[in-house]
Amino acid sequence: MAAHVDHDHERAADGERGHRDVGGDRQADRQNEEEGADGLGDVVSHVVSHHGLPGSSLAARRVAPLAFLSRTARGGKGAAVFERMLTRVRERMPPMPPCRLMPRRAAQAGRAQGAPVRQRSGTLRLRSLYRRRILVGAARIAFQGTASMTDVVRTRFAPSPTGYLHIGGARTALFNYLLARRLGGRFAVRIEDTDQARHVPDAEGRLLDDMLWLGLEWDEGPRVGGPHGPYHQSQRLEHYREHARRLLDEGKAYYAFDTREELEAMRAAAQREKRGFRYPRPARFPSERDAQRARAEGRPVVVRLRMPEQDYVIRDTILGDVSVRAQEMDDFVCIKGDGWPTYHFAVVVDDELMRVTHVLRGQEHLINTANHLALQQCFGYRTPVYAHLPIILNMSGSKMSKRDNDKLVRQAVRTASAAGKLTPAQLAEIAGCDAETAARWLEGDVQLDDAALRAVARRVGVVLPEIQIHDFRVSGYLPEVLLNFIALLGWSAGDDREKYTLDELCAVFSVERIGRTNARFDRDKLLNFNTTALAAAPAERKLAGLRDYLAVNEQSPLRGLGDDVLAKLIEISPTARIFRDIDEKAAALFVPDDRLEYDPDAVDKVLTRGDRAGLKTLAAVRDALARLGDWSAAELERALRAYSESSGQGLGKVAQPIRVAVTGTTVSPPIFDTLALLGRERSLARIDAALRRSGG
RNA sequence: GCCCCCAUCGUCUAGAGGCCUAGGACAUCGGCUUUUCAAGCCGACGACACGGGUUCGAAUCCCGUUGGGGGCGCCA
């Protein structure tokens with residue numbers, strides 16, 4: 001039973017593509033033109049179709065040289081050899097009986113009964129062929145063949161403006177940018193602001209600023225315009241309405257009036273019966289008048305696509321062919337109750353209208369693509385080239401998201417509350433919201449906005465890990481380093497090289513070299529990258545970077561310092577990993593003397609502990625310093641080294657008490673520079689204050 | 001629950017059936033250096049998830065198991 005033929009889903013074994021009628025016609029035709037009717041693509045699909053049969057590895061071995069030859073196969077004497085080998089491969093491989101797509105379990109049952117069953121998606125076969133690069137030649141043709149042979153390559157980044165740009169989004173943007181640059185095409189940004197409920201004011205500006213900070217400039221989009229605008233979906237509603245109208249008129253879509261509760265109940269029922277949910281399509285579609293009546297009654301009115309009853313094959317450049325069976329497809333909503341389009345609908349309409357040729361996006365969109373193929377089919381639109389990027393996970397293995405930070409802080413707040421250290425009223429005040437919102441946040445019902453979350457985190461002493469691009473800017477990373485690092489998440493050039501500038505990436509990037517496995521975001525490695533880059537960067541770059549860091553760190557005491565001082569700070573911090581290191585190390589130098597805070601642990605460890613040896617040293621050194629004529633770093637070093645030698649203690653024993661006395665902590669730039677920067681008066685005053693405080 | 005994708009050191013990865021005793025980078029550990037924090041230098045540890053199959057030969061091709069991830073919205 002497993003292998004019986006279902007005429008609707010019959011697929012000829014010699015490589016006929018499942019989505020022929022999804023705009024695949026044109027695609028297949030053009031490919032054939034490229035390769036010749038009996039070209040490599042044909043052989044490959046032949047092999048792919050039969051790979052499950054014995055002798056397949058033999059076939060693969062035969063195909064390898066064919067692929068190699070394919071470059072010379074179009075004309076010249078290579079063609080004859082190519083043809084001969086082609087024939088031999090075909091003779092060895094009889095066509096496989098047609099079969100239909102089926103779930104894994106049915107396939108297993110079929111195989112057990114000895115039926116010829118092909119693996120459901122064919123992805124594995126394609127993938128393995130890709131891996132051996134047998135297909136690379138063909139893949140390149142397929143990848144460019146869909147559109148780029150006749151059109152200029154156009155990629156887009158289509159973020160939803162709900163906050164800052166995050167790592168995954170940045171990588172998507174970067175890859176789209178690189179592909180456009182590599183193929184001499186254009187890169188557009190489109191704002192997908194179709195969710196009125198979740199509209200976050202200002203989010204778009206922040207997102208775009210983050211992109212610019214990274215150096216990702218777009219050819220078309222907000223702020224710069226372009227020939228296919230407007231580039232905000234909120235300004236394109238006419239297009240969507242028009243398109244929906246078309247589907248409605250042609251009977252390819254229909255009105256539906258279900259409430260959320262009704263839908264929820266249906267889904268729950270499906271779950272209970274252990275089947276996937278599909279919207280129950282009515283036998284007769286509601287009329288325009290029915291829709292008006294429903295509206296008058298206050299019922300929600302949406303437009304659903306009448307999903308064509310067929311399998312879809314997503315031809316993905318990275319993943320290979322991914323099949324989605326008809327029974328998995330649903331009559332999804334195209335137009336929401338508020339009259340705005342859903343993502344699926346808007347994306348298909350806009351990608352066509354904006355002439356997008358290549359779609360690179362996260363793998364979380366992979367299955368959605370089937371919906372898009374269906375819509376393209378209904379409109380008669382062509383299908384862009386798809387490439388779904390592996391997902392970036394955080395180190396714990398889950399998807400990276402802002403929610404993690406929310407959770408982290410919430411947990412800390414609960415602990416603090418339980419210990420009586422934080423009252424609900426205080427929480428609300430810190431977060432800058434009313435008590436009710438604060439309570440709801442504590443329950444996990446809502447998320448705090450960025451500033452509020454930061455404020456609360458600071459209060460409960462939680463150091464937030466960087467998640468969004470902006471976080472890395474605030475921490476003091478170099479944008480070019482972050483970009484370099486992100487590029488390596490899921491992509492490699494195939495050699496041992498790891499350091500690239502954006503221009504260099506443009507030159508070597510290729511979609512074929514994007515991997516299929518999810519990548520974890522390794523902060524330690526990024527830190528190392530930044531450390532190395534910072535050490536190697538010219539002084540001007542570092543100064544500009546530090547300025548940028550200060551621009552987004554309002555509370556830093558280094559703010560407002562002149563370039564000469566900042567340059568000096570950079571000079572005396574040659575081993576800083578991020579700009580925050582410089583900031584934290586030098587901060588104490590720039591707070592007023594009477595506001596200097598002493599770290600009790602530092603005071604205890606360095607000054608008072610062990611019979612107050614540190615204080616004694618400090619007092620002795622103070623007098624030596626006071627006698628100095630020239631308060632320069634060089635002179636200070638000479639004096640302190642001389643003292644350390646004459647007193648028979650290591651320099652550390654001398655430097656640390658001074659350090660704690662003048663900075664309040666055990667960490668600062670080199671002690672000589674620290675003193676020089678602080679100046680004679682303030683240095684001595686701070687030392688005196690420290691001696692007084694500790695009763696020295 | 002249903003569907004889909006994925007699988008090489010702890011992490012990112014290289015790997016085109018024989019060049020693999022599996023390469024590089026980060027992390028870790030040990031040593032050196034050292035005025036703090038760092039940084040630097042030298043060295044070590046460390047992986048083909050498991051079970052079948054194909055093949056003279058498998059990290060690589062096939063099947064299965066296990067594990068991980070994603071989707072199942074009037075979010076995108």
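Per chain, numbering begins at 1; letters A, B, ... match sequence-line order.
For B/A16, there is no paired base (Watson-Crick or G-U wobble, both distances below 3.5 Å).
As judged by a 4.0 angstrom heavy-atom cut-off over every strand, A/Val333 is placed among residues touching the sugar-phosphate backbone only. Among the protein residues, A/Arg304 comes within range of the sugar-phosphate backbone only, with heavy atoms under 4.0 Å from sugar or phosphate atoms but none that close to a base. Here A/Asp258 lies in heavy-atom contact (under 4.0 Å) with a base. Within the 4.0 angstrom heavy-atom criterion, only backbone atoms of the sugar-phosphate kind lie near A/Glu328; the bases stay farther away. Residue-level contact check: A/Gln363 touches the backbone only, with heavy atoms under 4.0 Å from sugar-phosphate atoms and none from bases. A/Arg267 comes within contact range of the sugar-phosphate backbone alone, with a heavy-atom separation under 4.0 Å but no base atom that close. Here A/Ile658 lies out of heavy-atom contact (under 4.0 Å) with every strand. Using a 4.0 Å heavy-atom distance criterion, A/Gly490 is classed as a sugar-phosphate-only contact. As judged by a 4.0 angstrom heavy-atom cut-off over every strand, A/His388 is placed among residues making no nucleic acid contact.
By the 30° and 60° cut-offs, the orientation of the rings of A/His372 relative to A/His344 is tilted. Ring orientation note: the planes of A/Tyr279 and A/Phe277 are nearly perpendicular, at an angle over 60° on the 30°/60° scale.
No side-chain N or O of A/Thr172 forms a donor-acceptor pair with one of A/Arg361 less than 3.5 Å apart. Side-chain contact of A/His388 with A/Thr369: a donor-acceptor pair under 3.5 Å is present, judged by distance alone. A side-chain donor-acceptor contact under 3.5 Å links A/Ser234 and A/Asp193. A/Ser668 and A/Thr674 are linked by a side-chain donor-acceptor pair at a separation below 3.5 angstrom, with hydrogens and angles left out of the test. A/Tyr240 and A/Asp350 share a side-chain donor-acceptor pair at under 3.5 Å. A/Tyr312 and A/Asn371 share no side-chain donor-acceptor pair at under 3.5 Å.
One finds a side-chain N or O of A/Ser492 lying less than 4.0 angstrom from the OP1 or OP2 phosphate oxygen of B/A14. Side-chain N/O atoms of A/Arg497 include none lying less than 4.0 angstrom from OP1 or OP2 on B/A25. Listed pair A/Arg513 / B/A14 meets the phosphate criterion, a side-chain N or O lying under 4.0 Å from OP1 or OP2. Distances shorter than 4.0 Å separate some side-chain N or O of A/Lys336 from OP1 or OP2 on B/C75. Phosphate proximity of B/G24 to A/Lys499: absent, as no side-chain N or O sits under 4.0 Å from OP1 or OP2.
Rounded to a whole Å, the CD atom of A/Glu364 is 12 Å from the C1' atom of B/C5. The CG-C1' distance, from A/Leu527 to B/A25, rounds to 15 Å in whole Å. Remark: P of B/G71 and NE2 of A/His372 are 14 Å apart, rounded to the nearest angstrom. Taking atom CZ on A/Arg520 and atom P on B/A47, their separation rounds to 18 Å, with Å as the unit. Between A/Asn371 atom CG and B/G73 atom C1' the separation is 12 Å, expressed in whole Å. For the pair A/Asn368 CG and B/C3 P, the interatomic distance rounds to 18 Å; values are reported in whole Å. When the C1' atom of B/G67 is taken as reference, atom CG of A/Leu393 falls 14 Å away, rounded to whole Å. One atom, CD1 of A/Ile335, and another, P of B/G73, lie 18 Å apart when rounded to the nearest Å.
The listed nucleotides are B/U8, B/A76, B/C5; the one nearest the side chain of A/His344 is B/A76. Distance from the side chain of A/Leu366 is smallest for B/C5 among the nucleotides B/G70, B/C74, B/C5. Here the nucleotide nearest the side chain of A/Asp522, chosen from B/G10, B/A7, B/A25, is B/G10. When distances are taken from the side chain of A/Lys274 to each of B/C5, B/A76, B/G1, the shortest belongs to B/G1.
The stretch residues 637-647 of chain A participates, sequence neighbours left out, in these salt bridge (Lys or Arg N to Asp or Glu O under 4.0 Å) pairs: A/Glu635-A/Arg638, A/Glu637-A/Arg641.
For the C1' atoms, the distance from B/G15 to B/U8 is 9 Å, rounded to whole Å. Comparing the same atom, P, in B/G57 and in B/G52 gives a spacing of 15 Å after rounding to whole Å. Straight-line distance between the P atoms of B/G17 and B/C62: roughly 12 Å, to the nearest whole Å. With C1' as the reference atom, B/A47 and B/A27 are 15 Å apart, rounded to whole Å. B/G68 and B/C74 are spaced 29 Å apart, taking the P atom of each and rounding to whole Å. Separation of the P atoms belonging to B/C29 and B/C75 is 49 Å when rounded to the nearest angstrom. Taking atom P on both B/U28 and B/C50, the two are 28 Å apart, rounded to the nearest angstrom. Taking the C1' atoms as reference points, B/C12 lies 15 Å from B/A7, given to the whole Å.
Where A/Thr194 and A/Asp524 each meet RNA chain B at their nearest nucleotide, the meeting point lying more 5' is that of A/Asp524.
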Tabulate protein N/O versus nucleotide N/O from nucleotides 18-23 of chain B, keeping only pairs under 3.5 Å, one per line.
none

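Under the salt bridge (Lys or Arg N to Asp or Glu O under 4.0 Å) criterion, A/Glu261 pairs with no residue at all, not counting sequence neighbours. Applying the salt bridge (Lys or Arg N to Asp or Glu O under 4.0 Å) rule to A/Glu584 yields no partners; only residues at least two apart in sequence or on another chain are considered. Shown here are the salt bridge (Lys or Arg N to Asp or Glu O under 4.0 Å) partners of A/Lys336, two or more places apart in sequence or in another chain: there are none.
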Exercise. For nucleotides 32-46 of chain B, read 5' to 3', which letter fits each nucleotide if B means a protein heavy atom sits under 4.0 Å from the base, S means only the sugar-phosphate is that close, and - means neither?
Worked result: ---BBBBS-------

Exercise. For A/Phe509 and A/Phe175, what are the C-alpha separation, side-chain angles and deciding distance, and is it a ring pair (Phe, Tyr, Trp, His ring centres under 6.0 Å)?
Worked result: CA-CA 8 Å; A/Phe509 181 77; A/Phe175 283 13; 5.1 Å; yes

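A/Lys525 contributes no side-chain N or O that forms a donor-acceptor pair with the base of B/A27 under 3.5 Å.
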